[in-house]
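Just so you know, these numbers use all the heavy atoms, side chains as well, and skip hydrogens, waters and symmetry mates.
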Amino acid sequence: MTRKETIIAIILLIIIGTSMHFVHHAPFFNHFLGYIFPVTESVMAHMKMVFYPMLLLSLFFLISRRDIREVGAPLLGGLAVMPLIVAAFFAYWIFVRHELMFLDVIIYIAAMVGAIHLTKRWSQNHFIREWWPLWISVAVIIIVLTGFLTYNPPDCIVFADLG
């Protein structure tokens, strides 16, 4: 990724991810859309807001560069920062015991910038490029898990509606 592509990706994916947060309020929202878009104000919802834009970036690379080996870096970049969202949330939750929207926004933006930075860094990694079937398999598993856990969340604070 060039510097210009990186900046454009950061801006577009932050806009897309942030917009995802508000789809569940739309009149056209249905059960199926809930598998992709957040339906609650939970930590998992913020992880979906990172994963799906990074999945879109993978698909964009696949189509624009016509090379299936390009899909791994964005997927792994998104997956790598998802635990950091959980860690950052709990780091401030310990002190304030409720959600702070401005901190959630800062954490989300930092996660997206980090995911795209990792994508750029890992895009030429031989291991990541050659193991593209594994990364696609992991993405499919994450898609199925997030869809299932959206409507069947375990009794865990990561899935709790904090809004």
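- Hydrophobic clustering (side-chain heavy atoms under 4.5 Å, transitive across Ile, Leu, Val, Met, Phe, Trp, Tyr) keeps Ile136 apart from Val50.
- By the criterion of side-chain heavy atoms lying less than 4.5 angstrom apart, applied directly or through intervening Ile, Leu, Val, Met, Phe, Trp or Tyr residues, Trp131 is not grouped with Val71; the two fall into different hydrophobic clusters.
- Nearest heavy-atom pair across Lys48 and Ile36 is CE-O, 3.4 Å.
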Salt bridge (charged side-chain N to carboxylate O under 4.0 Å, His left out) evaluation trace for Arg65 with Asp67: CA-CA 5 Å; Arg65 297 177 180 174; Asp67 186 356; over 6 Å; no
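- More than 12 heavy atoms of other residues, nucleotides or ligands sit less than 6.0 Å from atom CZ of Phe127.
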Working for side-chain contact (heavy atoms from CB on, under 4.5 Å), residues Leu103 and Phe89: CA-CA 8 Å; Leu103 273 178; Phe89 170 77; over 6 Å; no
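- With values rounded to the nearest 0.5 angstrom, His46 atom NE2 is found 8.5 Å from Ile107 atom CD1.
- For the pair Thr150 and Thr146, the tightest heavy-atom approach, listed with the atom from each and the gap, is OG1-O, 2.6 Å.
- Taking the side chain as every heavy atom from C-beta outward, Ile116 and Met54 approach each other to under 4.5 Å.
- Across all non-hydrogen atoms, the minimal contact from Pro38 to Ala45 is CB-CB, 3.4 Å.
- If you take CE on Met20 and CD1 on Ile16, they are separated by 9.5 Å, rounding to the nearest 0.5 Å.
- Nearest heavy atom pair, residue Pro53 against residue Gly17, reads CG-CA, 3.8 Å.
- Distance OG1/Thr18 to OH/Tyr108: 5.0 Å, rounded to 0.5 Å.
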From CA spacing to verdict: side-chain contact (heavy atoms from CB on, under 4.5 Å), Tyr35, Ile143: CA-CA 8 Å; Tyr35 287 107; Ile143 290 166; over 6 Å; no
Derivation and outcome, side-chain contact (heavy atoms from CB on, under 4.5 Å), residues Trp135 and Val140: CA-CA 9 Å; Trp135 315 134; Val140 169; over 6 Å; no
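- When the side chains of ILVMFWY residues are joined at heavy-atom separations under 4.5 Å, either directly or via intervening members, Ile128 and Phe60 end up in a single hydrophobic cluster.
- Annotation: Phe148 is not in aromatic contact with Tyr151 [ring centroid separation under 6.0 Å not met].
- Taking each heavy atom of Val81 and Ala111 in turn, the nearest pair found is CG2-O, 3.6 Å.
- For the atom pair Leu79 CG and Leu55 CG, the distance stands at 10.0 Å (nearest 0.5 Å).
- The two atoms that bring Ala80 and Trp122 nearest to each other are CB-CH2, 4.0 Å, heavy atoms only.
- Counting non-hydrogen atoms of neighbouring residues, nucleotides and ligands closer than 6.0 angstrom, the NE2 atom of His126 reaches no more than 12 such neighbours.
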Evaluation steps, side-chain contact (heavy atoms from CB on, under 4.5 Å), between Met112 and Met49: CA-CA 9 Å; Met112 289 305 294; Met49 292 165 41; over 6 Å; no
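- Under a hydrophobic clustering in which Ile, Leu, Val, Met, Phe, Trp and Tyr are joined whenever their side-chain heavy atoms come within less than 4.5 Å, directly or via other members, Trp132 and Leu75 fall into different clusters.
- Considering CD of Glu5 and CG of Leu57, their distance stands at 9.5 Å, rounded to 0.5 Å.
- Tracing side-chain contacts under 4.5 Å through hydrophobic residues (I, L, V, M, F, W, Y), one never reaches Ile63 starting from Ile8; they form parts of separate clusters.
- Atom-to-atom distance recorded for Ile68:CD1 and Arg129:CZ is 11.5 Å, nearest 0.5 angstrom.
- Annotation: His21 is not in aromatic contact with Phe37 [ring centroid separation under 6.0 Å not met].
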